[in-house]
Amino acid sequence: MKLLMLSAPLAARVACAVAAITLLPSCQRSEAPPAPEIRPVRVVTIGQLAVGDAVALTGTVQAQTEVNLSFRIDGRLIERGVNVGDRLRPGQLVARLDPQNEDSALQSARAQLTAARAQQLEARSNYERMRKLVAENAVSRANFERAESLRKTAESQVEAAQSQVALAENRLGYTRLVSDVSGVVTAHGAEPGEVVGAGRMIVQVATAGGRDAVLDVPAQMKDSMLADPEITVALTMGPKVTATARVREVSPRADPVTGTFRVRVRLVDPPPAMRLGSTVTARIKAGSGKGYVIPASALVRSERQPAVWIVDPGNSTVAMRTVEVKEFDPLRVVVASGLSPGDVVVTAGVQALRPGQKVRLLEAKK
């Protein structure tokens, strides 16, 4: 009887626990499912095909050919007759070295030539005398041959002395630096009073003739420059002064600091206002074909392929689509295929998207 009285409270507790467990699933089923996450994104709507846009690059006008005028020998510079900006003509004196040493060397070489000619005259006279005596058997054949050998030796010494005189005269002439080109002096490398070495630049001359516009082109544009695009060059301070240009030289090596490639374009009949050193702006048709231009921020990768997120206007969800990129720079991308007019492409917020995700458009541009 005592056992029945103790189990009654326990039975009540068990009944309450069973009832709570039975009611728990019904409570959970009554909660509403969480709303799908909606990501805000910025988009752009694809329009019609765009031809390759014109890219503007700044450069300077330089001569197609620049030469360094220098002495062939060492010496002390005593005169430089031209300065930066002066015009040169062929045969014009540019600079002079101190000619004292070369003049002394020339005098010594001439003295040696005089002595050699005197020995040659004596050797010839002796040879002629021996030739007559040997015909009369008045001298031995050996004496005649010795006289003939001395004559030939004297003649060789005269030829060597003449060569030394010619070399000394050339060195004396090398003390005068004479221009062999026409053009404008763009730089100088030594001042009067300095001792200069052979080959050191005394003045730099931009030769008369063709002119180039020198540009620093981004790596993405290098290949298009090799395709000889249309280029229009205008003075930065006078946009109405223009000239057409053609690519003449593309550097195969990038600048180690800027990563750009040096490109020289030949100016076709440049106006006189495009002087050497002028700053110019070159407008280049970056692409010869057609494509869809989108911001570079819209580009993502899908299995190592370039792709973009496309918005379905019907249910506001996104899907990834691979594209073929024709041109690329830090600001824009030209897509050759994979897009169609009317496609809505996500341009901001692309890294936080997943296929089928709902989005809310913040901006729609066309």
Side-chain angles (χ1 to χ4, degrees), residues 65-83 86-183 185 188-209:
T65 305
E66 289 185 340
V67 295
N68 294 334
L69 300 184
S70 58
F71 289 103
R72 299 187 184 186
I73 60 174
D74 303 339
R76 184 172 65 89
L77 184 66
I78 60 174
E79 179 187 354
R80 195 191 70 235
V82 295
N83 291 304
D86 292 347
R87 289 191 172 275
L88 285 181
R89 63 183 184 278
Q92 181 178 346
L93 179 64
V94 176
R96 290 193 307 119
L97 295 177
D98 185 356
Q100 182 177 355
N101 292 340
E102 280 65 32
D103 187 61
S104 298
L106 177 59
Q107 297 302 324
S108 176
R110 285 175 175 172
Q112 292 177 3
L113 175 60
T114 301
R117 284 175 174 171
Q119 291 178 358
Q120 180 189 37
L121 181 59
E122 181 182 358
R124 282 181 176 178
S125 299
N126 189 41
Y127 168 76
E128 291 296 332
R129 185 170 58 255
M130 287 294 181
R131 186 169 62 84
K132 293 178 181 179
L133 293 176
V134 76
E136 299 174 355
N137 292 324
V139 295
S140 64
R141 189 73 183 179
N143 290 336
F144 169 73
E145 291 177 351
R146 187 180 301 110
E148 183 180 19
S149 176
L150 291 175
R151 178 185 64 86
K152 292 180 178 179
T153 301
E155 290 176 349
S156 299
Q157 290 176 347
V158 169
E159 293 178 358
Q162 288 175 338
S163 298
Q164 292 300 318
V165 170
L167 289 175
E169 288 176 344
N170 287 340
R171 287 185 64 86
L172 182 61
Y174 294 157
T175 62
R176 293 167 53 86
L177 180 59
V178 178
S179 174
D180 57 354
V181 297
S182 61
V185 178
H188 62 77
E191 296 290 345
E194 294 185 40
V195 176
V196 299
R200 178 180 174 183
M201 186 267 286
I202 304 301
V203 294
Q204 187 179 71
V205 181
T207 59

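Remember, predicted model here, so these are calculated numbers, not experimental data.
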For a 4.5 angstrom cut-off between non-hydrogen side-chain atoms, does [X] reach [Y]?
X: D180; Y: P90; value: no
X: Q92; Y: V178; value: no
X: Q119; Y: V158; value: no
X: V185; Y: L88; value: yes
X: F71; Y: L77; value: yes

* To do: Let me see the working for L106 and E169 under side chain to side chain contact (heavy atoms under 4.5 Å, CB included), right down to the final yes or no.
  => CA-CA 6 Å; L106 177 59; E169 288 176 344; 3.3 Å; yes
* Going through the checks in order, is the side chain to side chain contact (heavy atoms under 4.5 Å, CB included) test met by V205 and L69? -> CA-CA 7 Å; V205 181; L69 300 184; 3.8 Å; yes
* Before giving the answer on side chain to side chain contact (heavy atoms under 4.5 Å, CB included), spell out for L177 and R72 the whole-Å C-alpha distance, their side-chain angles and the decisive distance to 0.1 Å. => CA-CA 9 Å; L177 180 59; R72 299 187 184 186; over 6 Å; no
* If we ignore angles and hydrogens, is there a donor and acceptor under 3.5 Å between the side chains of S104 and N101? ->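 N101 and S104 do not have a side-chain donor-acceptor pair below 3.5 Å.
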Of all heavy-atom pairs between [X] and [Y], which one has the smallest distance, and what is that distance?
X: D86; Y: N83; answer: OD2-N, 2.8 Å
X: I78; Y: P99; answer: CD1-CD, 4.4 Å
X: E66; Y: A206; answer: CG-CA, 4.1 Å

* Asked: Is the number of heavy atoms from other residues, nucleotides or ligands within 6.0 Å of CD (Q107) greater than 12?
  ->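 Yes, the 6.0 Å shell around CD holds more than 12 heavy atoms from other groups.
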* Please indicate whether Q100 has more than 12 foreign heavy atoms, meaning atoms of other residues, nucleotides or ligands, lying under 6.0 Å from its CD. =>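 No, because the 6.0 Å sphere around CD of Q100 holds 12 heavy atoms or fewer from other groups.
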Identify every side-chain donor-acceptor pair in residues 191-204 under 3.5 Å, counting partners at least two apart or on other chains, and give the distances.
from	atom 1	to	atom 2	distance (Å)
E191	OE1	R80	NH1	3.2
E194	OE1	R200	NH1	3.3
E194	OE1	R200	NH2	3.1
E194	OE2	E191	N	3.0
R200	NE	G189	O	3.4
R200	NH2	G189	O	2.7
Q204	OE1	T186	OG1	3.1
Q204	NE2	N68	OD1	3.3

Can you tell me how far [atom2] of [Y] sits from [atom1] of [X], rounded to the nearest 0.5 angstrom?
X: R124; Y: R129; atom1: CZ; atom2: CZ; result: 15.0 Å
X: E148; Y: M130; atom1: CD; atom2: CE; result: 12.5 Å
X: F144; Y: L133; atom1: CZ; atom2: CG; result: 10.5 Å
X: Q157; Y: E155; atom1: CD; atom2: CD; result: 10.5 Å
X: R146; Y: N126; atom1: CZ; atom2: CG; result: 10.0 Å
X: Q120; Y: K152; atom1: CD; atom2: NZ; result: 14.0 Å

* **Partner residues of R131 under the salt bridge (charged side-chain N to carboxylate O under 4.0 Å, His left out) criterion, sequence neighbours left out** =>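 If we apply the salt bridge (charged side-chain N to carboxylate O under 4.0 Å, His left out) test to R131, skipping adjacent residues, the hits are E128.
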Could you check whether any side-chain N or O of [X] sits under 3.5 Å from a backbone N or O of [Y], counting only pairs where one atom can act as donor and the other as acceptor?
X: S108; Y: A105; answer: no
X: T175; Y: R171; answer: no
X: S125; Y: L121; answer: yes

* side chain to side chain contact (heavy atoms under 4.5 Å, CB included) between V67 and T207: does it pass, once the steps are laid out? -> CA-CA 7 Å; V67 295; T207 59; 4.1 Å; yes
